[in-house]
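Input: a single structure, listed below in structure tokens.
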Amino acid sequence: MHSRIRAALFIPLALAWVASADIDVYVDGALSSGWENWSWSTTLNTAATDLYKGLSSMSVTTDAWGALSLKQEGYFNTTAGFSFDFAGDPSAVQLYFQGTTDNSQSSAILLSTFTGLSSTKFTTCVVDFSNLPGTGAKLASGAWDRLNFQALANGATYHLDNVKFLSSITVTPLFLTAEPIGNDLIAVTTQGKVDLTTVKVKLNNATITISNTTTYTPIDAPAKTITYFTLSRSLAPGSLVISAGTNTTFNYTLPAVRYGTINVPNVKAISPYIYGVNWPTSASYIQHLGVTMSRWGGNAVTAYNPNGDFTNAGNDWFFENRKSDAGKADDWLGWVSGAGSKTVLT
């Protein structure tokens with residue numbers, strides 16, 4: 001039996017879950033009741049014994065862009081996260097969720113985002129729906145009832161075990177970073193409910209008092225907060241130590257100020273069209289991040305027909321015509337342009 005190793009998420013988290021209210025997808029030998037195999041271009045063995053925990057595991061072999069796709073009769077949109085034991089090449093697989101009734105689809109999570117994964121042993125991976133691995137974003141609202149482990153361009157062979165949706169996730173409070181960002185300003189990034197009164201600042205062994213704090217939650221990473229601490233006096237060259245909590249410290253050596261003159265005879269503005277995102281989520285997202293170029297594009301809309309507002313799944317799903325998950329292109333162009341961003345459709 002292989003040891004259970006917890007994989008780190010985007011930022012390492014301490015996690016706990018209540019087993020009695022979890023939704024099991026696979027445990028030893030078969031899919032749990034209420035789950036159906038909707039996979040494509042995939043060979044699945046639910047009773048593999050070449051690598052397993054407990055009694056057996058799922059052995060999965062998938063062609064390029066095929067997927068192990070599992071559909072629930074109900075919904076898992078009220079759960080806090082998703083957990084699975086994985087053994088395989090993480091660079092060959094991505095994970096995403098779907099809602100078959102409202103055509104919702106999450107962004108893809110590359111399994112290479114998790115650390116410590118191996119082809120020879122199982123590693124437990126946990127997806128926190130309030131802090132998605134790789135982005136820190138929150139899983140959007142949707143009638144989620146389907147999960148997909150999709151192979152990338154070279155196909156994939158791997159094992160899965162103990163697949164379940166979690167009823168709750170407890171995030172251990174952590175001070176993630178603390179750094180000087182201005183003459184009298186430091187920024188502290190945290191997760192969970194930390195005690196900000198424990199933050200202390202010393203410059204050359206002398207304590208600097210804090211005169212003001214402002215806490216901010218990024219809309220694209222709502223599981224974390226950034227607190228700006230205004231200091232009572234300016235920083236100076238020497239040793240800067242920022243302590244927080246019971247045993248967390250951040251050390252910096254501040255250099256002496258150096259002065260110079262920059263003379264640029266030919267100044268050329270940077271094109272605003274290079275600062276872009278794919279599928280911005282809202283007008284406030286565009287305005288908050290200062291997005292100057294927004295893209296409508298990707299496999300899901302390659303075959304988009306503006307006359308009927310539908311697209312085609314191609315080889316991903318039996319060349320099926322379906323409604324575009326993103327809605328009407330004209331509507332998208334309208335609200336994105338109204339938010340102040342240029343647009344491109346590909």
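Because the structure is a prediction, the values reported are computed rather than measured. The residues of the chain are indexed from 1 along the displayed sequence.
From N103, atom CG reaches atom CD of Q105 across 9.5 Å, with rounding to the nearest 0.5 Å. For the atom pair CZ of R233 and OG of S211, the computed distance is 12.5 Å after rounding to the nearest 0.5 Å. Rounding to the nearest 0.5 angstrom, the gap separating the OG1 atom in T189 from the CD1 atom in I226 is 4.5 Å. Here the CH2 atom belonging to W279 is positioned 13.0 Å from the OG atom belonging to S107, to the nearest 0.5 angstrom. For the atom pair CG of D22 and OG of S167, the computed distance is 4.5 Å after rounding to the nearest 0.5 Å. Rounding to the nearest 0.5 angstrom, the gap separating the OG1 atom in T42 from the CG atom in D63 is 7.0 Å.
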* To do: Give the intermediate values and the outcome of side-chain contact (heavy atoms from CB on, under 4.5 Å) for residues L235 and I208.
  => CA-CA 9 Å; L235 297 173; I208 301 180; 4.1 Å; yes
* To do: Apply side-chain contact (heavy atoms from CB on, under 4.5 Å) to the pair V127 and L139, showing each step before the final yes or no.
  => CA-CA 10 Å; V127 177; L139 181 67; over 6 Å; no
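The side-chain contact (heavy atoms from CB on, under 4.5 Å) test with Y228 singles out one residue from I181, N212, V188, and that residue is I181.
The aromatic ring centres of H159 and Y26 sit 6.0 Å or more apart.
Checked by atom type and distance alone, the side chain of T248 never pairs as donor or acceptor with a backbone atom of G245 at under 3.5 Å. Judged by distance alone, with hydrogens and angles left aside, the side-chain atoms of N148 form no donor-acceptor pair with the main-chain N or O of Q150 at under 3.5 Å. Of the possible polar contacts, one joining the S106 side chain to the F97 backbone as a donor-acceptor pair under 3.5 Å is found. Side chain of S232 to main chain of T209: a donor-acceptor pair is present (N/O by atom type, distance under 3.5 Å, no hydrogens or angles). The main-chain N or O of D85 is never found under 3.5 Å from a side-chain atom of D161 such that the two would form a donor-acceptor pair. T123 places a side-chain N or O within 3.5 Å of a backbone atom of G116 that can act as its donor or acceptor partner. Between the side chain of T46 and the backbone N or O of G29, at least one donor-acceptor pair lies under 3.5 Å. Checked by atom type and distance alone, the side chain of S104 never pairs as donor or acceptor with a backbone atom of G142 at under 3.5 Å.
The closest side-chain heavy-atom distance from P280 to W332 is below 4.5 Å. Side-chain contact between K200 and T207 is absent, with no heavy-atom pair separated by less than 4.5 Å. Side-chain contact check for T343 versus S337: some heavy-atom pair is nearer than 4.5 Å. Within the 4.5 Å cutoff, the side chain of V199 has no heavy atoms near those of the T213 side chain. Inter-residue side-chain proximity for K71 and D145 is flagged as met; some heavy-atom pair is nearer than 4.5 Å.
Ring planes of F149 and F82: tilted class, angle from 30 to 60°.
T190 and T225 form a side-chain donor-acceptor contact under 3.5 Å, judged by distance and modelled atom types alone. A donor-acceptor contact closer than 3.5 angstrom is absent between the side chains of N204 and S239.
The neighbour count for N205 CG, taken as heavy atoms of other residues, nucleotides or ligands under 6.0 Å away, does not exceed 12.
Side-chain heavy atoms closer than 4.5 Å link hydrophobic residues (I, L, V, M, F, W, Y) into clusters, and following such links, even through other members, never connects V27 to M58. Linking Ile, Leu, Val, Met, Phe, Trp and Tyr residues whenever their side-chain heavy atoms come within less than 4.5 Å leaves V344 and W296 in two separate clusters.
Evaluation of the ring-ring contact (aromatic ring centres under 6.0 Å, His included) rule for F229 yields no partner, not counting sequence neighbours. Remark: D89 pairs with no residue by the salt bridge (Lys or Arg N to Asp or Glu O under 4.0 Å) rule, at least two apart or across chains.
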N/O donor-acceptor pairs under 3.5 Å from side chains in residues 31-41, not counting sequence neighbours:
unit_1 : atom_1 : unit_2 : atom_2 : d
S32    : OG     : D24    : O      : 3.4
S32    : OG     : V25    : O      : 3.4
W35    : NE1    : D24    : O      : 3.2
E36    : OE1    : W38    : NE1    : 2.9
N37    : OD1    : S39    : N      : 3.0
N37    : OD1    : S39    : OG     : 2.5
S39    : OG     : S69    : N      : 2.9
W40    : NE1    : W65    : O      : 3.2
W40    : NE1    : D316   : O      : 3.1

